[in-house]
Amino acid sequence: MTTPIHISGFQLWKTRLDAAGQASMVEALREVAEAAPFFHPETRWGRKMSVRMTSAGRVGWVSDRRGYRYEPRHPVTGAPWPQIPDCVLAVWREVADWPDDPDCCLINYYSEGAKMGMHRDADEGAAGFAAPVVSISLGDPAVFRIGGLERGGTTQKVTLESGDVMVMGGPARLAYHGVDKVLFGGSTLLPKGGRINVTLRVVRSV
DNA sequence: AAGTCGCA
DNA sequence: TGCG
């Protein structure tokens, strides 16, 4: 599909990745996770998030009692993050309409029952806000919620399925969004089920 | 508050 | 189920 759907300023390409493309991306991400294992981040208040995360790229997104930030090293192993896989960069270059490659490839794994509250991607620095955020969905479908620029505004729901690619850019770059729930078992792409979401960002704060 | 819960 |  070459024409995206527009939802509150977000662009959504349904099944932008075909089955083979999804499978090879999962394999590439599995290799990233071998070098940079998934970890369970804590919020600033010491609560575990339900998603597990890891990253690739120059910096990775990290959360702990010190707050949210980007770091050049894995918080558990201390190793630099692996390189962003070429197949992931290829998606960015196709849809981002941005001259630079992303600095961070955040990989979120949603097992059964995992969700993510409404938030903004706001840790990338002012220059990073100019670039879009690209999001790739793999595995089980998820109910994604899109809000506006302020917390508590009206929201819209959209189901994201495996192979979907979404771009949050322009006026919607700092819009609130979250994941209500994962429709566990809705896809056979991942051996253990669940959902992987890959987000690509230009980071100018680190 | 990238969480959780309680309320309408 | 969408807020607060």
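Each chain gets a letter, A, B and so on, in the order the sequences are listed, and its residues count up from 1.
- One distance of note links OH of A:Tyr109 with CG of A:Leu138; it measures 12.0 Å at 0.5 Å rounding.
- The hydrophobic cluster containing A:Val26 also contains A:Leu17, counting ILVMFWY residues as joined when their side-chain heavy atoms lie under 4.5 angstrom apart, directly or transitively.
- Using modelled atom types and a 3.5 Å distance limit, the side chains of A:Ser135 and A:Asn197 yield a donor-acceptor pair.
- With sequence neighbours left out, A:Arg58 forms a salt bridge (Lys or Arg N to Asp or Glu O under 4.0 Å) with A:Asp103.
- Residues that satisfy the salt bridge (Lys or Arg N to Asp or Glu O under 4.0 Å) test with A:Arg69, not counting sequence neighbours, are A:Asp64, A:Glu71.
- Using C1' as the reference atom, B:dC5 and B:dA1 are 13 Å apart when rounded to the nearest Å.
- In the 5' to 3' direction, nucleotides of DNA chain B lying under 4.0 Å from heavy atoms of chain A begin and end at B:dA1 to B:dT4.
- Not counting sequence neighbours, A:Phe38 has no partner by the ring pair (Phe, Tyr, Trp, His ring centres under 6.0 Å) test.
- Protein atom CD of A:Gln156 is 16 Å distant from nucleotide atom P of C:dT1, rounded to whole Å.
- Using a 4.0 Å heavy-atom distance criterion, A:Gly153 is classed as a sugar-phosphate-only contact.
- Annotation: proximity of residues 117-131 of chain A to DNA chain B (heavy atom, distance under 4.0 Å) is found for A:Gly117, A:Met118, A:His119, A:Asp123, numbered in ascending order.
- Residues from residues 37-56 of chain A placing a heavy atom under 4.0 Å of any atom in DNA chain B, listed by number, are A:Thr43, A:Trp45, A:Arg47, A:Met49.
- The salt bridge (Lys or Arg N to Asp or Glu O under 4.0 Å) search around A:Lys181 returns none, not counting sequence neighbours.
- Applying the ring pair (Phe, Tyr, Trp, His ring centres under 6.0 Å) test to A:His40 and every residue at least two apart in sequence or in another chain returns nothing.
- Listed by first and then second residue, the ring pair (Phe, Tyr, Trp, His ring centres under 6.0 Å) pairs that reach into residues 119-175 of chain A are A:His119-A:His177, A:Phe144-A:His177, sequence neighbours excluded.
- Remark: A:Thr77 engages A:Pro37, A:His74, A:Ala79 in a side-chain contact (heavy atoms from CB on, under 4.5 Å) (not counting sequence neighbours).
- At a non-hydrogen distance threshold of 4.0 Å, A:Trp61, A:Tyr68 from residues 58-69 of chain A come into contact with DNA chain B.
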### Query
Given the rule in the salt bridge (Lys or Arg N to Asp or Glu O under 4.0 Å) test, do A:Asp121 and A:Arg201 qualify, once you have shown the distances and angles that lead to the verdict?
CA-CA 9 Å; A:Asp121 294 2; A:Arg201 304 185 180 91; 2.9 Å; yes

### Stepwise salt bridge (Lys or Arg N to Asp or Glu O under 4.0 Å) check, A:Arg173 with A:Glu124
CA-CA 11 Å; A:Arg173 169 62 180 78; A:Glu124 296 77 23; 3.0 Å; yes

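- Qualifying ring pair (Phe, Tyr, Trp, His ring centres under 6.0 Å) partners for A:Phe10, counting only residues two or more places apart in sequence or in other chains: none.
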